[in-house]
Amino acid sequence: MSEETSKPLNFIERIVKEDLDSGKTPAIRTRFPPEPNGYLHIGHAKSIWLNFGLAQKFGGKCNLRMDDTNPEKEDEEYVESIKADVQWLGYQWDGEVHYASDYFEQLYEWAVHLIEAGKAFVCDLNAEEMRTYRGNLTEAGKDSPFRTRSIEENLDLFARMRAGEFADGSRTLRVKIDMASPNINLRDPVIYRIKRATHHQTGDKWCIYPSYDYAHGQGDALEGITHSVCTLEFEVHRPLYDWFINNLPVPAQPHQYEFSRLNVNYTITSKRKLKQLVDEKHVDGWNDPRMPTVSGMRRRGYTPKAINDFCEMAGVTKVEGVVDVGMLEFAIREDLNEISPRAMCVLRPLKVTLTNYPEDQVETMTAPVHPQHEEMGTREMPFCREVFIDQDDFLEEANKQFKRLVLGKRVRLRNSYVIEADEAIKDTDGKIIEIRARVIEGTVGNNPEDGVKPKGVIHWVSARDNVDCEVRLYDRLFNDPAPDAGGKNFLDSINPGSLAILSGCKGEIGLAQATLEDRYQFEREGYFVLDSKYSTAEKPVFNRVIGLKDTWEKAGA
RNA sequence: AGGGCCGUCGCCAAGCGGUAAGGCACUGGAUUUUGAUUCCAGCAUUCCCAGGUUCGAAUCCUGGCGGCCCUGCCA
């Protein structure tokens, strides 16, 4: 790639490159550190893309580390889903999965080290008292009355905390930094709390657990992480991160760098709110195709490539912005357009009887699997006297903008004949239930000899040989670009039309061979994939991943 | 006057003192048996604002304005 066409490095890539070039570090190691307390979403996908991508790009390694310091909120179910999601996105962590809990013993020893150095103390203040002593944004805090305990007493008390002699919440281990610091995170932060909770990895071995601030940087140091990348809200924690690294005999000196988290409009990425959608059954589970979770996007039919491309497109900066979902949709269409075999599927069938076509005749029509990729081969489909077209593709009369079938006018059946409509048959309610039309002889692959060209092209499927299926059309889950902004209740902006289930859809016969991995472009409709939850061999269920770009609807017709 | 961070096109985003990349969106127009794709063209005299330094400022300085984060024994 030439100088002028190569993409400029983002600020983190630039830091990495400089560290590598200067020899500050011979190789880099990053890590993706989720807390196993929920399912991964699009925001995590960006972190995964960034951390694993950085390692890939610069010939380094990336670890997967469960940040499991709060057993009350975590569960093995989540660690399993996290591993699956990371791999589905196309990444493989270096070595085994790591856990912050792997380091509990070492962390404990280092805590003792801090006590021995006179830098940590056991505090008996309860939560409310501690809040009072902490001061606030404009007023300095006060030293805890327990700050001056002797090293011996602290050592004894801390050992007894571990031994389970004290009640939950009754004491904490705190580090002595500065109660007057303008950075509240430095006002003698708690690094251990007593919490009798069974841990998904360590069981009941511990009743004291280290805090995130205390565990994270040390975990990085232990794993040899060189660049610890996290989101902006941890920026004010960096001085604490560095304090531990500088005051503990850690084996390495990792550094923390922060970038702005990904926000996408019409979308929420709060784990709490996502969980609420699931718990209150507003959606069909964590992997509901409308969810911005990795598992939801997977079930919806998004590809890992599209998600990774999207992350790259959005970029890495410290600016807190909101990316347009349109960019995500573009990334998906771009990938799917390239790789998807084409097929025809009539979503709202309307029967067309071709009155001049012999009752018992069947012709085999051949069509390219992908018009831009001849190497993908061809497909065949039977054509006969009765076919289905979409109800939206017929109008008794219309202006010349309408490029579909109109009474007395012609239209091309894609990959087949040009037909001309003669009559619309209606039921007693006036609803059109059948069209009677004629094929124009010799128009397969050719324009009509009489020079009257069809106005447009519509898709169709044989009414005798087809695959009956259900199709699920998804729209954005929220109507509001910022569902949870301000004081709004995000539930109020749920889009009631976010899921439309169409049954009795008719797909071309080749669709009977579809597998869960195959994504198709249903021509003129969009991209579709079998639903992993509801689809069966007898009754295929297709999810619409994303519609085709539609400049017609936008034109307001 | 608590501390930290951020402000470049409708949305992302390059740019790091030499005269505003790119992508999404949008608007033309060409090709098209998908109103898709592809293709070509257009789209910031201006970089939150105001001063200043300089031959020259989005880039440096000063002062404002606006936004976000931090007062969990969450991460």
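Lettering follows sequence order; numbering is per chain, from 1.
- Salt bridge A:R519/A:D335: absent, no basic N to carboxylate O contact under 4.0 Å.
- Taking atom C1' on both nucleotides, B:A21 is separated from B:C12 by 14 Å, rounded to a whole Å.
- Using a 4.0 Å heavy-atom distance criterion, A:S260 is classed as making no nucleic acid contact.
- A distance of about 15 Å separates the P atoms of B:U62 and B:C5, rounded to the whole Å.
- Relative orientation of the A:W206 and A:Y108 rings is tilted, given thresholds of 30° and 60° on the angle between their planes.
- The aromatic rings of A:H216 and A:Y212 lie tilted to each other, with the angle between the two planes from 30° to 60°.
- Distances shorter than 4.0 Å separate some side-chain N or O of A:T551 from OP1 or OP2 on B:A36.
- Using P as the reference atom, B:G28 and B:C61 are 45 Å apart when rounded to the nearest Å.
- With hydrogens and angles left out, the side-chain atoms of A:Y241 and A:D220 include a donor and acceptor closer than 3.5 Å.
- When the P atom is compared between B:C55 and B:C43, the two are found 34 Å apart, to the nearest whole Å.
- A donor-acceptor contact under 3.5 Å is not formed by the side chain of A:R524 with the base of B:U34.
- The gap from the C1' atom of B:C65 to that of B:G51 amounts to 14 Å, rounded to the nearest Å.
- Under the 30°/60° scheme for interplanar angles, the aromatic rings of A:F383 and A:Y417 are found to be tilted.
- Spacing of C1' atoms, B:C49 relative to B:C39, comes out at 43 Å, to the nearest Å.
- Taking the charged nitrogens against the carboxylate oxygens, A:R524 and A:D390 have no contact shorter than 4.0 Å, which rules out a salt bridge.
- In this structure, a donor-acceptor pair under 3.5 Å is present between the side chains of A:N136 and A:T138.
- Rounding to the nearest 0.5 angstrom, the gap separating the OH atom in A:Y527 from the CD1 atom in A:I546 is 10.0 Å.
- The phosphate of B:U32 has neither OP1 nor OP2 within less than 4.0 Å of any side-chain N or O from A:R414.
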Name the pairs: protein N/O against N/O of nucleotides 37-43 of chain B, kept only if under 3.5 Å.
{"from": "B:U37", "atom 1": "O2'", "to": "A:N337", "atom 2": "ND2", "distance (Å)": "3.0"}

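- If you check distances only, the side chain of A:Q521 does reach the base of B:U34 with a donor-acceptor pair under 3.5 Å.
- B:A20 and B:A57 have their C1' atoms separated by 12 Å, given to the nearest Å.
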| query | How does each nucleotide of nucleotides 66-75 of chain B score, in 5' to 3' order, for protein heavy atoms under 4.0 Å: base (B), sugar-phosphate only (S), or none (-)? | reply | --BSBBSBSB
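- A donor and an acceptor atom, one from each side chain of A:S47 and A:N51, are located under 3.5 Å apart.
- In this structure, B:G72 shows a glycosidic angle within 90 degrees of zero, which is the syn conformation.
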